[in-house]
**Q** 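Take this structure first; my questions come after.
As the structure lists them, so they are numbered: ligands from 1, and atoms in each ligand from 1.
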Amino acid sequence: MDSHSPPLLKVEQLSKKYLTKKTLFKKEFFKAVDNVSFSLDYNQILGIVGESGSGKSTIGKLILRLIEKDEGKIEFEGKDIDNLSRSEEKKFRRETSVIFRTQNILKSRFNVYQILEEPLIIHKFPEKERKERIKKAIVDAGLDESFLSRYPSELSGGQRQRVAIARAIVLNPKMILADEPTSALDVTVQLQIINLIKKMKEEKGISFLFISTRSECYWYAC
Ligand SMILES: Nc1ncnc2c1ncn2[C@@H]1O[C@H](COP(=O)(O)OP(=O)(O)O)[C@@H](O)[C@H]1O
Ligand SMILES: [Mg+2]
């Protein structure tokens with residue numbers, strides 16, 4: 001990347017308020033995100049650290065366009081994500097994924113293979129390629145192929161989070177939003193998951209927006 005290339009993700013003066021109370025005469029708002037700017041480079045892990053309720057997840061939801069911003073601008077690879085063509089939109093969806101603290105998808109009745117297959121079906125990958133990518137993703141996430149036929153209820157917290165990471169990498173994304181990916185885990189397992197995230201950055205060049213209430217990512221020199 002030369003110095004003139006845009007960063008992978010650029011967030012400029014982002015603001016979001018939530019409507020908290022509405023009566024006939026007045027509306028009350030809560031400002032969850034107020035004038036936030038930052039950028040995330042290719043092959044970088046950036047920590048967003050703040051106490052609970054400080055608006056971290058709101059920033060994540062705005063970037064993934066799960067909710068609408070009030071003000072500001074978000075660019076992915078130099079393009080305003082509000083003005084993408086249909087094909088650019090598809091590319092954006094394929095190149096960004098997310099890992100949450102608790103994985104609702106993992107409470108599902110699907111087995112691990114089916115959980116990893118879903119994004120590949122959505123993005124219309126042929127069956128043979130789906131199979132290859134699923135096998136690679138599970139191994140890259142530090143589990144072996146025998147886990148593919150297991151169900152989430154049969155896995156430990158750390159194994160479940162590895163499945164979540166496998167699902168997040170199965171489309172070869174450029175960016176993963178990790179929203180408190182280790183908060184629900186035991187301390188020893190937290191370190192394993194952080195090391196896995198570092199490995200994904202180093203080996204695959206994936207950038208991470210790492211949301212946390214603690215600066216754990218920095219302790220381990222991400
Ligand atoms: N849909 C919503 N409606 C109203 N308030 C909300 C909504 N979502 C979040 N909030 C409030 O916005 C603030 C920031 O929330 P959030 O972004 O989830 O913080 P964090 O992830 O840092 O804990 C909190 O005070 C939360 O209660
Ligand atoms: Mg949160």
**Q** Hey, does T20 come in under 3.5 Å of ligand 1, counting only N/O atoms on both sides?
**A**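 Min N/O separation from ligand 1 is not below 3.5 Å for T20.
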**Q** Does K204, at its NZ atom, have more than 12 non-hydrogen atoms belonging to other residues, nucleotides or ligands within less than 6.0 Å?
**A**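 Above 12, so yes.
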**Q** Can you tell whether the side chains of K91 and E89 come within less than 4.0 Å, N to carboxylate O?
**A** no
**Q** Side chains of S57 and D179: donor-acceptor distance under 3.5 Å anywhere?
**A** yes
**Q** Are more than 12 heavy atoms, taken from residues, nucleotides or ligands other than E68, located less than 6.0 Å from that residue's CD atom?
**A**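 Atom CD in E68 is not crowded, with 12 or fewer foreign heavy atoms closer than 6.0 Å.
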**Q** Output yes when K199 and D140 qualify as a salt bridge under the 4.0 Å nitrogen-oxygen rule, no when they do not.
**A**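 Result for this pair is no, no salt bridge flagged.
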**Q** Give the residue and atom name of whichever protein heavy atom lies nearest to atom 23 (O) of ligand 1, and the separation in Å to one decimal.
**A** G53 N, 2.7 Å
**Q** Which of the numbered atoms in ligand 1 are under 4.0 angstrom from any heavy atom belonging to T58?
**A** 15 (O), 16 (P), 17 (O)
**Q** At what distance is the nearest protein heavy atom to atom 19 (O) of ligand 1, and which residue and atom is it?
**A** G55 N, 3.2 Å
**Q** Would you say G50 touches ligand 1, if touching means a heavy atom closer than 4.0 Å?
**A** no
**Q** Using 4.0 Å as the upper bound for N to carboxylate O, is an ion pair formed by K136 and E132?
**A**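 A salt bridge is absent here (no side-chain N lies under 4.0 Å from a carboxylate O).
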**Q** Quick check on the Mg ion (ligand 2): does S57 put an N/O/S atom closer than 2.8 Å to it?
**A** yes
**Q** If you count heavy atoms of other groups shown closer than 6.0 angstrom to CD of Q13, is the number above 12?
**A** no
**Q** Looking only at N/O atoms, are F30 and ligand 1 under 3.5 Å apart anywhere?
**A**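 Not met; the criterion fails.
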**Q** Salt-bridge test for E117 and R133: reply yes if a basic N is under 4.0 Å from a carboxylate O, no otherwise.
**A** no
**Q** Looking at atom 6 (C) of ligand 1, would you say a protein heavy atom lies below 4.0 Å from it?
**A** yes
**Q** In the protein, what heavy atom is nearest to atom 22 (O) of ligand 1, and what distance, to one decimal place, separates them?
**A**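 Of every protein heavy atom, K56 NZ, 2.7 Å lies nearest to atom 22 (O) of ligand 1.
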**Q** One thing to verify: whether R86 and E88 come together as a salt bridge, which I'm taking to mean a side-chain N less than 4.0 angstrom from a carboxylate O.
**A** no
**Q** Provide the number and element of each atom of ligand 1 under 4.0 Å from a heavy atom of A32.
**A**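 Checking each atom against A32, I get 12 (O).
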**Q** Within the 4.0 Å heavy-atom shell around E51, which atoms of ligand 1 are there?
**A**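 Listed by number with element, the hits are 22 (O).
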**Q** Ring centres under 6.0 Å, that's the criterion: do F76 and F92 meet it?
**A** yes
**Q** Can you tell me which portion of K61 lies within the under-4.0 Å heavy-atom range of ligand 1? Options are side chain, backbone, both, or neither.
**A**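 No part of K61 is near ligand 1 at this cut-off.
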**Q** What is the closest protein heavy atom to atom 9 (C) of ligand 1, and at what distance does it sit?
**A** Y18 CE1, 3.3 Å
**Q** Is it the side chain (CB and beyond), the backbone, both or neither of S57 that lies under 4.0 Å from ligand 1, heavy atoms counted?
**A**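 The answer is both, backbone and side chain.
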**Q** Kindly confirm or rule out an N or O of L19 lying under 3.5 angstrom from an N or O of ligand 1.
**A**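 Min N/O separation from ligand 1 is not below 3.5 Å for L19.
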**Q** Can you confirm whether something in the protein, heavy atoms only, sits under 4.0 Å from atom 27 (O) of ligand 1?
**A** no
